[in-house]
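Contents: one structure, followed by commentary.
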Amino acid sequence: MIERIDALRAEGERALSGATTAADLEAARVRFLGRKSELTQILRGLKDLDPDARARAGASANETRVLLETLLAEAEARVRAGSAPEIARDVTLPGRRPPVGHRHLIQSVILEIQQIFHGLGFSVAEGPDVEDDRHSFGALNMPVGHPARAETDTFYLRPDVLLRPHTSSVQIRVMEATQPPVRIICPGRAYRNEAVDATHFYEFHQIEGLYVDEDVSMADLKGTLERFFKELFGPKTEIRFAPSFYPFVEPGAVVDVRCFFCSGKGCSVCGPLSGGWLEVLGAGMVHPNVFRAVGYDPRRWTGFAFGGGIERIAMLRYGVPDIRLFYESDVRFLRQF
Ligand code: FA5
């Protein structure tokens with residue numbers, strides 16, 4: 001019987017490894033492993049043998065069955081792989097395009113702004129989002145206890161460590177690290193504990209500008225910003241300067257852009273009481289105390305600075321009626337830009 005089992009094993013191995021089609025395989029399976037196959041009959045008849053012969057024949061027959069089952073599985077996989085390409089590789093089918101993301105609108109607007117200021121001779125500076133008291137307030141002429149600190153409801157991480165409430169901190173970092181003349185812009189995030197509405201969010205982007213040289217005047221500031229807004233929004237853009245107070249500039253101003261949504265009637269974007277103007281920027285001539293704080297001689301150096309909200313600029317540029325849309329990550333909104 002052992003010889004017969006050996007012979008079946010050799011025949012089965014040959015048949016299975018030589019099979020090239022599903023039909024060959026099925027025939028080999030039925031012949032060597034099927035319910036009526038000789039091997040199955042031998043296995044069934046083991047119980048009638050005497051114990052000694054049963055042990056030897058049983059071991060050999062079971063080994064053969066396991067081997068042939070393994071070969072069958074391998075042969076099935078081989079035949080499947082061999083026949084699959086005809087079905088799967090239809091070169092005439094159009095390819096499946098993987099989804100591709102793109103720049104967020106805020107980043108595109110930042111790049112656009114950078115390009116305009118690059119043309120005006122400004123380079124880009126960066127500073128940390130997590131700041132200390134000196135760079136956010138102290139060196140900006142807001143010593144401890146100054147009432148202007150309360151105007152921005154700041155997120156504190158520790159008493160001296162905070163999320164910067166404006167990008168003006170980068171002015172200080174740049175002036176500490178370089179000597180005049182300075183001509184930089186700094187785009188970046190700012191954080192304030194704000195009541196959220198159509199134009200206010202607790203996390204937003206600002207673009208800071210700083211120009212320090214001899215004989216810089218308010219006329220340079222106005223000319224630069226007018227040029228910037230006309231480049232960004234088109235030559236018909238209307239802007240206005242209104243006096244305002246920021247401790248780090250003197251004189252200070254807010255810059256408003258005529259609201260594109262309501263053309264001056266007042267709406268949810270510019271506010272019903274705004275008269276149709278949307279505040280986008282704070283600006284002014286750098287305060288002598290700021291120069292002193294960074295070791296610049298205020299008798300020699302003069303400069304202007306400005307800080308604007310990028311979301312508000314993007315809202316006007318692209319007709320976005322609510323700042324919250326930028327942060328909801330809804331691709332139906334984002335993929336429009
Ligand atoms: C400042 O942050 C000053 N650092 C700007 C400045 C720089 C003035 C240099 C003078 C010289 P203000 O708090 O007004 O100023 O904010 C500036 C701009 O940031 C606003 O005009 C507005 O466009 C934007 N902004 C302020 N708060 C928010 C907010 N919660 N959500 C969206 N944009 C905001």
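Both ligands and their constituent atoms are indexed starting at 1 by order of listing.
No side-chain donor-acceptor contact under 3.5 Å links Tyr202 and Asn193. Glu208 and His166 share no side-chain donor-acceptor pair at under 3.5 Å.
The nearest protein atom to atom 16 (O) of ligand 1, hydrogens excluded, is given as Gln206 NE2, 3.4 Å; this is a heavy-atom distance. Of the protein's heavy atoms, Phe201 O, 2.9 Å lies nearest to atom 30 (N) of ligand 1. The protein atom (non-hydrogen) at minimum distance from atom 21 (O) of ligand 1 is Glu279 OE2, 3.0 Å. In terms of protein heavy-atom proximity, atom 1 (C) of ligand 1 is nearest to Arg192 NH2, 3.8 Å. The closest protein non-hydrogen atom to atom 25 (N) of ligand 1 is Phe204 CE1, 3.5 Å. Considering only non-hydrogen protein atoms, atom 22 (C) of ligand 1 sits nearest to Arg312 NH1, 3.4 Å. Of all protein heavy atoms, the one lying nearest to atom 7 (C) of ligand 1 is Gly307 N, 3.2 Å. When hydrogens are left out, the protein atom nearest atom 24 (C) of ligand 1 is Gly309 CA, 3.6 Å; that is the closest non-hydrogen contact.
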Contacts table for residues 26-34: side-chain donor-acceptor under 3.5 angstrom, sequence neighbours left out:
unit_1 : atom_1 : unit_2 : atom_2 : d
Glu26  : OE1    : Arg29  : NE     : 3.1
Glu26  : OE2    : Arg29  : NH2    : 2.9
Arg31  : NH2    : Glu11  : OE1    : 2.6

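The closest approach between a heavy atom of Phe248 and any atom of ligand 1 is below 4.0 Å. Residue-ligand proximity: Glu208 is placed with a non-hydrogen atom under 4.0 Å from ligand 1. Ligand 1 is never approached by Glu311 to a heavy-atom distance shorter than 4.0 Å. For the ligand labelled ligand 1, residue Val196 lies outside the 4.0 Å heavy-atom shell. Between Ala283 and ligand 1 there is a heavy-atom distance shorter than 4.0 Å.
A donor-acceptor pair under 3.5 Å is formed between the side chain of Asp50 and the backbone N or O of Ala53. For Asn62 (side chain) and Ala59 (main-chain N/O), no donor-acceptor pair under 3.5 Å exists by modelled atom type. Between the side chain of Lys230 and the backbone N or O of Lys236 there is no donor-acceptor pair closer than 3.5 Å.
In the displayed structure, His118 atom NE2 is contacted under 6.0 Å by at most 12 heavy atoms of other residues, nucleotides or ligands.
Under a 4.0 Å criterion applied to the non-hydrogen atoms of Val280, ligand 1 contributes the atoms 21 (O), 23 (O). Close approach of ligand 1 to Gln171 (heavy-atom distance below 4.0 Å) involves ligand atoms 9 (C). Those atoms of ligand 1 that come under 4.0 Å of a heavy atom in His200, given as number and element, are 29 (C), 30 (N), 31 (N). Every atom of ligand 1 with a heavy atom of Leu281 under 4.0 Å away is listed here by number and element: 21 (O).
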For the pair Glu194 and Asp153, evaluate side-chain contact (heavy atoms from CB on, under 4.5 Å) and give the outcome as yes or no after the intermediate values. CA-CA 7 Å; Glu194 291 271 15; Asp153 203 344; over 6 Å; no
Begin with the C-alpha distance, continue with both residues' side-chain angles, and end with the deciding distance and a verdict on side chain to side chain donor-acceptor pair (under 3.5 Å) for Asp129 and Tyr191. CA-CA 9 Å; Asp129 290 23; Tyr191 309 83; 2.6 Å; yes
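Counting side-chain heavy-atom gaps under 4.5 Å among Ile, Leu, Val, Met, Phe, Trp and Tyr, the cluster of Phe248 also holds Phe137, Leu140, Met142, Tyr156, Leu162, Val170, Ile172, Val174, Met175, Val182, Ile184, Leu210, Val212, Tyr246, Val249, Val254, Val286, Val290, Phe291, Val294, Tyr296, Trp301.
Ring orientation note: the planes of Tyr327 and His205 are close to parallel, at an angle under 30° on the 30°/60° scale.
Looking at Thr199 against ligand 1, only its backbone comes within 4.0 Å, counting heavy atoms. Residue contacts with ligand 1 for Val249 involve side-chain atoms from C-beta outward but no N, CA, C or O (heavy atoms, distance under 4.0 Å).
With a 4.5 Å cut-off on side-chain heavy atoms, Leu325 and Leu334 do not count as touching.
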